[in-house]
Peer 1: 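One structure, pasted below without further comment.
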Amino acid sequence: MEKLIITVGITGSRITRQQTPYIPIAPKEIARSGIEAWRAGASILHIHVRDPKTGLGTQDLSLFKEVVDRLRSETDAILCLTTSGIPGRNLPIAERLLPLNLLPELVSFDAGSINMGENVFLNPQEFLEALARETLLKGIKPELEVFEAGMVHTCLKLLERDLLKSPLHFQFVLGTPNGMPANAKSLLHLSEIIPQNATWSVIGIGPGQLPMAVIAMAIGGHVRVGLEDNIYYSKGVLAKSNAELVERMVRIAKEFGRDIATSSDARRILSL
Ligand code: ZN
């Protein structure tokens, strides 16, 4: 089996200090947490930044730059910058695309719209095509985030039109309030309907994180863990850091006999 790529979602845009004191908010904290997670075995760091006033997500390019500069100076990690914007706010497309100016190797590409509790996470066709064109122009690989099976179909149609380039890399997001549930059937189905040369990883939200990661590890996928997706280490016990969640993946993978991909291994596996 191919080496295991561990991605870490460091902070996301919506978890607050009230929910967990361990969520990194300031650029320095986000960078430090990313460096620790990389040292622990994560090869891809998925980055959001937070507005210092509200503590919630922002697409402020100067904050992204501060985090990216720190991570680039201290790690060789693959950086995956978010384009998802801010929950509940329909940001202009140009603002969502701002992080591409920092030329990360990966950017998130949320492959369709979906209800998220009270909010609608809007990713209309116009946004997808604008983002796809910009990634082609800048030589950045989109990480195709798929919340339900129709979104795979959306990506395949963009591939047919040469708006996406083969081999595709999917990130299945299972266990969101209105998306596919975090269970083995969802994961198997998605892993079987993508092109044979595509790579994939899985995010299990909340209590889905550990079981989805373990299944993915066993069937040849890759995994994402981190406080963006899950703030608990075990039932009722908060995870104290992103590194703690990565370290557990490394231990389990070793028990399986699956080696951990370094950042350069991950570049080869993902054809970056
Ligand atoms: Zn994210």
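We count ligands from 1, going down the list as the structure has it; atoms in each ligand are counted the same way. This one's a predicted model, so the numbers in the text were calculated from it and none came from an experiment.
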Peer 1: Working to 10°, measure the angle at the Zn ion (ligand 1) formed by atom NE2 of H48 and atom NE2 of H46.
Peer 2: 100°
Peer 1: Taking the side chain from R50 and the backbone from A26, do they hold a donor-acceptor pair closer than 3.5 Å?
Peer 2: no
Peer 1: Just wondering, are more than 12 heavy atoms of other shown residues or ligands nearer than 6.0 Å to CZ in R72?
Peer 2: yes
Peer 1: Using a cut-off of strictly less than 2.8 Å, determine whether E145 has an N/O/S atom near the Zn ion (ligand 1).
Peer 2: no
Peer 1: Starting from the Zn ion (ligand 1), look over the N/O/S atoms of E228 and name the nearest one.
Peer 2: OE2
Peer 1: Between the side chains of Q19 and T16, does any donor sit under 3.5 Å from an acceptor?
Peer 2: yes
Peer 1: Is a donor from one side chain sitting under 3.5 angstrom from an acceptor on the other, for D265 and S43?
Peer 2: no
